[in-house]
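Since the structure comes first, as structure tokens, the remarks are kept for the end.
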Amino acid sequence: MELVEETPYRWRIEPEGAMRVPGVVFATRELLPDPAADQALGQVAAVATLPGIVEASYAMPDMHWGYGFPIGGVAATDVEDGGVVSPGGVGFDISCGVRLLLADLHVDRLRPRLAALMDALDVSVPRGMSKGAVWRLGSEAELEEVLAGGARYAVERGHGEPGDLEHCEDRGAVADADPAAIGSRARERGLRQVGSLGSGNHFLEVEAVAEVYDEEIARAYGLWPGRVCVLIHTGSRGLGHQVCTDSVHTMQAAMTRYGISVPDRQLACAPVDSHEGRTYLAAMAAAANYGRANRQLLGQAARHAFDRVIGDGGLSLLYDVSHNLAKLETHQVGDRARRLCVHRKGATLALPPGHPDLPPDLRAFGQPVLVPGSMGVGSYVLAGVPGAPAFASACHGAGRRLSRHQAVKTITAARLRADLEHEGIAVRGASARGLTEETPGAYKDLDAVVAACARAGLARTVAKLTPIGVVKG
DNA sequence: ATGTAC
């Protein structure tokens, strides 16, 4: 594979073989995956063979190996030109994403009550594999309301505050969700997990604004130095996972009927404009709404904990983004506006200033792009910029460098816990395994990823958040 | 990511 350095922040994989478009990777040389340990660059090239793909198979600076598509991958297909949709281009955790809430509180005032707050969050945030949830759904009919209405339904049922929905991508619910497209097994798994964190890299973190890089946008976003924030990273749990599994099987069986061949079975796909394609998108949208409701519920759980311990710590929602989703969007391709199916897997939509989908109070400044780092290193808030490449997309996190298996061999849970406490970061509820799998050493350098993202013109850096306490599964 | 495997 020929990898050409176009700029210090942009690399090109020349089309060869069945590739229909080049691969384009936004990264510095240091951030590129190690070909000996990580097949992600080959995956970028493989995605470039998908029917209907336009412009390029893109990857963000946090890219790494994933199921079929790389994590950090962005690929758009032309719906009217036989373009396909692929569940692997969304990922198993459909609409996994991040929500950032802002407390009306300076970190110095929180410190004396931090332990109490963390204890309150510890008991009010269900987490871990297949454990409990905040919201016990009354019936399968109510699950259908969640699948159709997402965070909007949660707020209608009292789990939210006015203004929450306006600060959610898609106003809290993806359109065209069809609960009937979701299988019975996924439904069963979904009944008991609305309002639960899960495990792996999912977390709830208490953070504070540490540095401001863009004064004007930070002011508009409400990010003043020292301000306490809550970052929630979770997705659609077992339900989304089951939807992905079911769809991959369906599409693997259907592909020959559509005359599609792909270099990797994990790239199973079907035309967007086909029964299988439409059914997947309808099920994916429903699972996405489940994920949106999930983050809404956990945001409420955080609010209740703040109310109990702080009293006046009221949390306002800055924004809620998804970083695992396929969306039908219209973009200029060459000299024509085209209807595209844009897959973002471990990549965040980053709408530019002035975009009509942004809420009025944020519209002039561009969409908040929330970039959680690994445990203990904090997070960034970026903003969408005009004319960004890759269909208005940006990075979604630090990006894994070591596999979970490799990560656990680098440090003990006791050592990691001590390191975090030494840095003044309170840890609650993390299993030893969960902790060591997520050691910061297993991830790329978040500062470098965000810098590359900004230098590549994907987004603007607004502020950095530093962690104070972490709740993990 | 995930009741960590068909």
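None of these values were measured; they are calculated from a predicted model.
- As judged by a 4.0 angstrom heavy-atom cut-off over every strand, A:G200 is placed among residues touching the sugar-phosphate backbone only.
- Rounded to whole angstrom, the span from the OH atom of A:Y290 across to the C1' atom of B:dT2 amounts to 13 Å.
- Residues meeting the side chain to side chain contact (heavy atoms under 4.5 Å, CB included) test with A:A254, sequence neighbours left out: A:R257, A:Y258, A:E276.
- Under the 30°/60° scheme for interplanar angles, the aromatic rings of A:F26 and A:Y58 are found to lie parallel.
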- [ ] Run the numbers on A:S322 and A:R295 for side-chain contact (heavy atoms from CB on, under 4.5 Å), then give the verdict.
- [x] CA-CA 10 Å; A:S322 163; A:R295 285 195 291 278; 4.3 Å; yes
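- Using a 4.0 Å cutoff on non-hydrogen atoms, the parts of residues 236-246 of chain A near DNA chain B are A:R237, A:G238, A:H241, A:Q242, ordered by number.
- The residue A:R404 sits close only to the backbone: its heavy atoms come under 4.0 Å of sugar-phosphate atoms, none of a base.
- Taking the six-membered ring where tryptophan is involved, the planes of A:Y67 and A:F92 are perpendicular, since the angle between them exceeds 60° and thus also 30°.
- In this structure, A:R127 places its CZ atom 14 Å from P of B:dT2, rounding to the nearest Å.
- Note: A:H233 and A:H323 meet the aromatic proximity criterion, with ring centroids under 6.0 Å apart.
- With sequence neighbours excluded, the residues that form a side chain to side chain contact (heavy atoms under 4.5 Å, CB included) with A:D273 are A:R278.
- Atom-to-atom, CD of A:Q266 to P of B:dA5 comes out at 14 Å; the value is rounded to the nearest Å.
- The separation between A:M129 atom CE and B:dT2 atom P is 7 Å, rounded to whole Å.
- Summarising the geometry, the separation between CD on A:E188 and P on B:dT2 is reported as 18 Å, rounded to the nearest angstrom.
- Residue whose closest nucleotide on DNA chain B sits further toward the 5' end, between A:E438 and A:H249: A:E438.
- Between the OH atom of A:Y67 and the P atom of B:dT2 there is a distance of 17 Å, rounded to whole Å.
- Here A:E437 lies out of heavy-atom contact (under 4.0 Å) with every strand.
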